[in-house]
Amino acid sequence: MSLQPFVSLYQYALEPIVPFSWFGLKVSSLDLAAAFRLCYVLRQTRENLRNEHVKRRAIDGKIPALEERSFTRDALATLTVVYGGEAIAGPLLGTPPSFMVSGLYPILYVMMQALVDTIPSLPSMTLNTELPLSFLDGHTRAMLLCTLIPPAILSSSSPVVASSPWALLLSSFMITNGGFFLAGLTSFLHPTPLALTTPAELQPYGWTTTDLWSAPLVTGLYATLTHAQPFWAEVHTVLSGVLGGNAGKAQPLDADTARSACALVLAALFAARTTRTFGGVWKRGVAEKIKMN
């Protein structure tokens, strides 16, 4: 299958758009879509947690009362999700976090959060709404796992870090999931006062969350396809031989093609997660229709 149509679409989505380009700011349509999608999902999550809390409090009056929400808390929660992992990994890698170098994207996320908050009401997450968005989610996540994280590791001032495949995978895991972990740890998205709690990732079967293992998996796939480090070039050659490819050293793919391939893999993973999460509701609906007929 030719990936050229997906490559061209991805390149177009990453081109700077007006009015940002008028001021020399490299903000693309994919950047805007990623920011809006994240702020949208975070608001849906907050509202779901609030509704669940109200139901539990109606049964048990000992449960803490709701705390009045503030835009400052919601905006800080968004920034924690976006930059929390980077804030943890940056000092370990000897690299300053991006929000310390430029305020463009932090301001963009805060403004996007304000925009999403103006929407009167949001629909609940369902299979019909989330499944089509898996394609977008795959491409926005691939931008992080393929375009942003690997160059930061490969350009490290430490030769040991720059050549370490473990540093690449661990950084991908931490940067992608660290923000959600911190938000869950501090109850940022809950409707109650801030308090330490067990994040979803540390609860039973939390390790099966797609976001956790897909980050290092896809970064490793991208590194293998592009030969980002000598180790991955050897892995590509071995896999090519095992899968019946041409004998000899495997040739790397260009970065754009490899990124598009990873985006499609992520889209498939997210689509499977959506079907697994919301498919039960769809199946029950079909079953009820069959019974009625």
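- Using modelled atom types, no side-chain atom of T257 and backbone atom of L253 make a donor-acceptor pair closer than 3.5 Å.
- For the residue pair H227/H236, the side-chain donor-acceptor check at 3.5 Å is satisfied.
- Here the side chain of T78 pairs a donor or acceptor atom with the backbone of D74 at under 3.5 angstrom.
- The two residues L225 and A261 come nearest to each other via the heavy atoms CD1-CB, 4.4 Å.
- Residue A142 comes nearest to L266 through the heavy atom pair N-CD1, 3.6 Å, listed as atom of the first residue, atom of the second, then distance.
- Closest approach of W207 and L212 over heavy atoms only: CA-CD1, 3.7 Å.
- Contact detail for D211 and R141: the closest heavy-atom pair is OD1-NH1, 2.9 Å.
- To the nearest 0.5 Å, atom OG of residue S171 and atom CG of residue L145 are 12.0 Å apart.
- Pairs of residues two or more places apart, or lying in two chains, that qualify as ring pair (Phe, Tyr, Trp, His ring centres under 6.0 Å) and include a residue from residues 138-164 are Y10-H139, F135-H139.
- Using modelled atom types, one finds a donor on one side chain and an acceptor on the other under 3.5 Å when comparing Q11 with D256.
- The main-chain N or O of L131 is found under 3.5 Å from a side-chain atom of S134 such that the two form a donor-acceptor pair.
- For T192 and E67, the side-chain atoms include no donor-acceptor pair closer than 3.5 Å.
- Within the 3.5 Å criterion, the main-chain N or O of A195 finds a donor-acceptor partner in the side chain of S187.
- Screening R46, R69, R73 for a salt bridge (Lys or Arg N to Asp or Glu O under 4.0 Å) involving D117 leaves a single residue, R46.
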Could you please spell out the steps behind the side chain to side chain donor-acceptor pair (under 3.5 Å) verdict for N177 and E201?
-> CA-CA 9 Å; N177 299 290; E201 294 83 356; over 6 Å; no

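- Here the closest non-hydrogen pair linking L122 and Q44 is CD1-CG, 3.9 Å.
- When atom types are taken as modelled, the side chain of S172 and the backbone of T219 share no donor-acceptor pair closer than 3.5 angstrom.
- Side chain of T147 to backbone of L144: no donor-acceptor contact under 3.5 angstrom is found.
- No side-chain heavy atom of I149 sits under 4.5 Å from any side-chain heavy atom of E86.
- A donor-acceptor pair shorter than 3.5 Å cannot be found between the side chains of D137 and T140.
- Residues Q4 and S8 have side chains that bring a donor and an acceptor to within less than 3.5 angstrom of each other.
- With hydrogens and angles disregarded, no donor-acceptor distance shorter than 3.5 Å links the side chain of R273 to the backbone of T210.
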